[in-house]
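Heads up, the thing below is written out as C-alpha cells.
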There are 2 protein chains.
Amino acid sequence: MIDPHADRALFRQLADLLRDRIAAGEFEAGDQLPSEAALGQHYDLARTAVRAALGVLRGEGLVEPVRGLGWVVRDRGEPRPVRLRRGDEATVRLGEGLPQVVVTRTDGTTEQYPADTVILRGT
Amino acid sequence: MIDPHADRALFRQLADLLRDRIAAGEFEAGDQLPSEAALGQHYDLARTAVRAALGVLRGEGLVEPVRGLGWVVRDRGEPRPVRLRRGDEATVRLGEGLPQVVVTRTDGTTEQYPADTVILRGT
DNA sequence: CACGATTTGTCCGTATGTATC
DNA sequence: GGATACATACGGACAAATCGT
C-alpha cells in the first residue's frame with residue numbers, strides 16, 4: 001500500500017489511497033472516514049502524517065473535519081449554475097475554510113457560494 | 001504580542017500578527033519573512049505553531065514557501081478583469097496549491113488563473 | 001443531567017531529508 | 001562543501017467537542 005522508500009511523501013501516498021477509496025464509492029457523501037488513530041494504525045503512520053494527508057483532501061474539498069466526531073465526506077453533486085449578467089462581478093475569496101465565490105450584482109447585493117459548488121455562466 | 005492564555009490558538013494569533021505586519025507594508029511583494037526558526041524564537045513558539053500560522057497565510061494567498069530560501073510575500077496587485085460572454089463558463093478548481101479559476105470559452109479553449117488574481121465580469 | 005469514551009484541535013520536542021545560496 | 005531554510009515524519013501530551021449511556 002504505502003512504500004516508505006518511495007519518492008512520494010508518505011502523507012501524499014495516503015492522500016492518494018483515500019482519494020481513490022472515496023472515488024471508488026467506498027465512502028459516500030455524509031459518511032465518516034476511519035478515525036485518524038485507526039488510519040495511523042492501519043497504514044502504520046504517525047498521526048502527523050495522517051492529518052497531513054487529510055489536509056490534502058480537505059484542500060480539494062473532498063472531506064471536512066467535525067470536531068469530536070470525525071472526518072466527513074462532503075456532498076459533491078452537480079455544480080449549481082450561476083448566471084453573470086452585464087455589470088455583475090464575481091471574485092474568489094480565500095481564507096477561512098473552503099474558498100468562496102462572491103457574486104456582486106448590479107444593484108449591489110451579493111451572493112456567496114462554496115467555490116466548488118458553482119459554475120459561472122456568461123449571458 | 002501573543003498571549004498563551006488567550007482564547008485564540010497561538011498559531012492563529014501569530015497569523016494575525018504577521019498578516020497585520022504585511023498589511024502595514026513592513027514586507028512587500030517579493031520580500032522574505034523571517035525564517036521559521038527566527039519567528040519561533042522571537043514569539044517564543046515551537047516551529048509547529050509557526051508553520052501552522054504560515055499555513056494560514058498561505059491559504060489566504062498572502063505568502064508562499066520557497067524551499068531552501070524562505071517564505072516570500074506574494075504579489076497581490078489589482079485583480080485582472082476577465083469577461084464571461086454567452087456560452088462561456090467558469091469554475092474553480094481546488095487541489096494543487098492555490099485554487100485556480102478555469103474559464104472555458106464557447107470554442108472549447110480554456111484559460112486558467114490563480115483564483116485571487118481575477119475578477120469575472122458578465123457581458 | 002452527569003459522566004465517560006471517542007475524536008479532532010493544538011502544542012511541544014526532536015530528527016532527518018533536500019533544496020538554495 | 002558548508003550554512004541556511006523549508007519538507008517530512010516520529011513521538012508525546014492535554015484541551016475541547018460530540019455522542020451514547
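Below, read A as the first sequence line, B as the second, and so on, with proteins coming before strands; counting in each chain starts at 1.
Residues B:Leu10 and B:Leu14 fail the side-chain proximity criterion, which asks for heavy atoms closer than 4.5 Å. Inter-residue side-chain proximity for B:Leu62 and B:Val73 is flagged as unmet; no heavy-atom pair is nearer than 4.5 Å. Counting heavy atoms from C-beta on, the side chains of A:Arg85 and A:Thr106 never come closer than 4.5 Å. In this structure the side chain of A:Arg19 reaches within 4.5 angstrom of the side chain of A:Val56, judged on heavy atoms.
The side chain of B:Pro65 approaches D:dA7 more closely than any other nucleotide in the set C:dC12, D:dA7, C:dT10. When the nucleotides C:dT8, D:dA9, D:dT8 are ranked by their closest atom to the side chain of A:Leu10, D:dA9 comes out on top. Picking from C:dC21, C:dG9, D:dC6 the nucleotide with the shortest atom distance to the side chain of B:Leu69 gives C:dC21. Closest to the side chain of B:Phe11, from the set C:dG17, D:dC10, C:dC11, is C:dC11.
To the nearest angstrom, C1' of D:dT8 lies 13 Å from CG of A:Asp7. Atom CG of A:Asp3 and atom P of D:dT8 are 17 Å apart (whole Å). The CD atom of A:Glu64 sits 15 Å away from the C1' atom of D:dT18 (whole-angstrom rounding). Separating the CZ atom of A:Arg12 from the C1' atom of D:dA9 is a distance of 13 Å, rounded to the nearest angstrom. When the P atom of D:dC6 is taken as reference, atom CZ of B:Arg67 falls 11 Å away, rounded to whole Å. When rounded to the nearest whole Å, the span between NE2 of A:His5 and P of C:dG17 equals 12 Å. A:Arg51 places its CZ atom 17 Å from the P atom of D:dG12, with the value rounded to the nearest Å. One atom, CD of B:Gln13, and another, C1' of C:dC11, lie 13 Å apart when rounded to the nearest Å.
Annotation: proximity of residues 29-47 of chain B to DNA chain D (heavy atom, distance under 4.0 Å) is found for B:Ser35, B:Glu36, B:Arg47, numbered in ascending order.
Both B:Val82 and A:Val103 are members of a single hydrophobic cluster when ILVMFWY side chains are connected at heavy-atom separations under 4.5 Å.
Remark: side-chain polar atoms of A:Thr104 are not paired, donor with acceptor, to backbone N or O of A:Thr110 under 3.5 angstrom. A:Gln13 places a side-chain N or O within donor-acceptor distance of the main-chain N or O of A:Arg8, the cut-off being under 3.5 Å.
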